[in-house]
Amino acid sequence: MSSLSGAETRDHHPGTSPPPSFLLLQKPLLILLFIIIITLQTDGAPAAVMSVSPGLADLSRLYQTEFVRSARAVGVLWAVCTLCFAIIQVVILVQPSWIGTTDARTHRVGPPLPSGTMGLFEVCMESDWPVPDCRGGLSSLSPLPSFQSVAVLVGVSLWAVWTSVLCLCLFRFCSAATVYKICAWLQLTAGFCLALACLLFPDSWESPEMRVLCGDSVGSFSPGNCSVHWAYILAMLGILDYAILATLAFVLANRQDALLPPNAPDVTAGLLMSA
């Protein structure tokens, strides 16, 4: 009895190790349990994916549709603004209202000085007739001698912006992102040339034509008895307009292909014209 009780005590003592047979069965049981868990997870994954995928697909399709509609609306607005400013650029070039006399000279003591306005191609002096007496014009394609460089820069700017307008026809044949980038670079070129023209125009004020109209006190960046008129101010605003249009075109180009499906090239072509 004493030997049997001692054997039972040794088998159930906390400090003793389990029998070797239990160790032999422990590894296969753990491996089997691991295989069952992996099998259950593998069998349940497709069902979970199938249950989530339709919702994600619908959400992605809805987001893509909303983006395409927004891109078309912004693209149409960008194209309309480009066309409108191309027309305004023609007005800036041909109008003789870059600089003119001020009303303050009417209070001058002494003989009256001539009054009128001046542009890049002609000088218009006020006369007794309702129509001013203008000298020069765009028909001769010969700008005033002091404003030749300014007229060339404005002409290059005009060519660039009208080229970008003609590039709108490429939306039917090319990728929308490519057309946006081409138009953006053309608009940046137009804005750069127009900015140079606005900087060179005050530097060209020291000329015989300006002295006749604005007095002997005229000089570079000093208009004398004259002041800048609306055509020059409109040209300066055009620089900001070109910067905004070019930035918007670059944004539309970078976002255009990012959210469209890669296997839908027909959606990219003609995005603007089909709006």
Side-chain angles (χ1 to χ4, degrees), residues 84-165 186-243:
C84 291
F85 196 76
I87 299 174
I88 294 175
Q89 184 81 3
V90 177
V91 177
I92 291 174
L93 181 65
V94 302
Q95 281 296 316
S97 299
W98 281 62
I99 194 169
T101 55
T102 59
D103 295 334
R105 60 188 298 156
T106 57
H107 304 287
R108 179 179 176 272
V109 178
L113 294 176
S115 178
T117 59
M118 181 183 297
L120 301 180
F121 289 87
E122 59 182 339
V123 180
C124 294
M125 309 295 292
E126 292 185 1
S127 61
D128 297 334
W129 295 90
V131 180
D133 183 16
C134 296
R135 178 173 57 88
L138 189 62
S139 58
S140 61
L141 295 178
S142 178
L144 299 177
S146 56
F147 300 141
Q148 288 182 354
S149 58
V150 180
V152 170
L153 288 172
V154 176
V156 173
S157 176
L158 180 65
W159 167 83
V161 67
W162 274 104
T163 304
S164 67
V165 172
L186 287 172
Q187 290 169 355
L188 280 180
T189 303
F192 179 74
C193 293
L194 193 59
L196 287 180
C198 291
L199 287 176
L200 290 178
F201 180 69
D203 189 51
S204 305
W205 285 346
E206 194 172 358
S207 63
E209 295 86 358
M210 287 289 294
R211 292 184 184 276
V212 171
L213 184 64
C214 304
D216 295 333
S217 60
V218 72
S220 296
F221 296 93
S222 177
N225 298 324
C226 296
S227 63
V228 293
H229 278 207
W230 60 269
Y232 181 72
I233 297 174
L234 192 61
M236 295 185 66
L237 293 176
I239 302 172
L240 179 61
D241 184 73
Y242 281 135

Check step by step if side-chain contact (heavy atoms from CB on, under 4.5 Å) holds for Glu126 and Thr101.
-> CA-CA 10 Å; Glu126 292 185 1; Thr101 55; 5.6 Å; no

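- Neither side chain, Ser227 nor Thr102, offers a donor N or O lying under 3.5 Å from an acceptor on the other.
- Scanning all heavy atoms of the two residues, the minimum distance from Pro202 to Tyr232 falls at CG-OH, 3.6 Å.
- The OG atom of Ser146 sits 11.5 Å away from the CZ atom of Arg211 when rounded to the nearest 0.5 Å.
- The line from OG1 of Thr117 to CG of Leu213 is 7.5 Å long, rounded to the nearest 0.5 Å.
- Ring planes of Tyr242 and Phe85: perpendicular class, angle over 60° (limits at 30 and 60°).
- With respect to Pro96, the side chain to side chain contact (heavy atoms under 4.5 Å, CB included) criterion is satisfied by exactly one of His229, Glu122, Arg135: Glu122.
- Heavy-atom minimum distance, Val218 versus Ser222: CG2-O, 3.2 Å.
- When side chains are defined from C-beta on, Met118 counts as touching Phe147, because their heavy atoms get closer than 4.5 Å.
- A 4.5 Å side-chain heavy-atom check between Phe201 and Leu153 finds every atom pair outside the cut-off.
- Between the CD1 atom in Ile239 and the CG atom in Leu199 there is a gap of 7.0 Å [rounded to 0.5 Å].
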Cys193/Leu196 under side-chain contact (heavy atoms from CB on, under 4.5 Å): CA gap, chis, key distance, verdict | CA-CA 5 Å; Cys193 293; Leu196 287 180; 5.8 Å; no

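- Ala197 approaches Val154 most closely through the heavy-atom pair CB-CG2, 3.7 Å.
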Please test Val228 against Trp98 for side-chain contact (heavy atoms from CB on, under 4.5 Å), starting from the C-alpha separation and ending with a verdict.
-> CA-CA 6 Å; Val228 293; Trp98 281 62; over 6 Å; no

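- Rounding to the nearest 0.5 Å gives a distance of 11.5 Å between CG of Leu194 and CG of Leu240.
- Nearest heavy-atom pair, Glu209 versus Pro145, reported as atom, atom and distance to 0.1 Å: OE2-CD, 3.5 Å.
- A donor-acceptor distance shorter than 3.5 angstrom exists from the side chain of Thr163 to the backbone of Trp159, with no hydrogens or angles considered.
- Enclosure of atom CH2 in Trp162 by more than 12 non-hydrogen atoms of other residues, nucleotides or ligands within 6.0 angstrom is indicated.
- Distance check: Cys198 SG to Ile233 CD1 gives 10.5 Å after rounding to the nearest 0.5 Å.
- The CG atom of Leu158 sits 5.5 Å away from the CD atom of Gln89 when rounded to the nearest 0.5 Å.
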So Met210 and Ile99, side-chain contact (heavy atoms from CB on, under 4.5 Å) or not? Walk me through it.
-> CA-CA 9 Å; Met210 287 289 294; Ile99 194 169; 3.4 Å; yes

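- Side-chain contact between Pro223 and Trp205 is present, with at least one heavy-atom pair separated by less than 4.5 Å.
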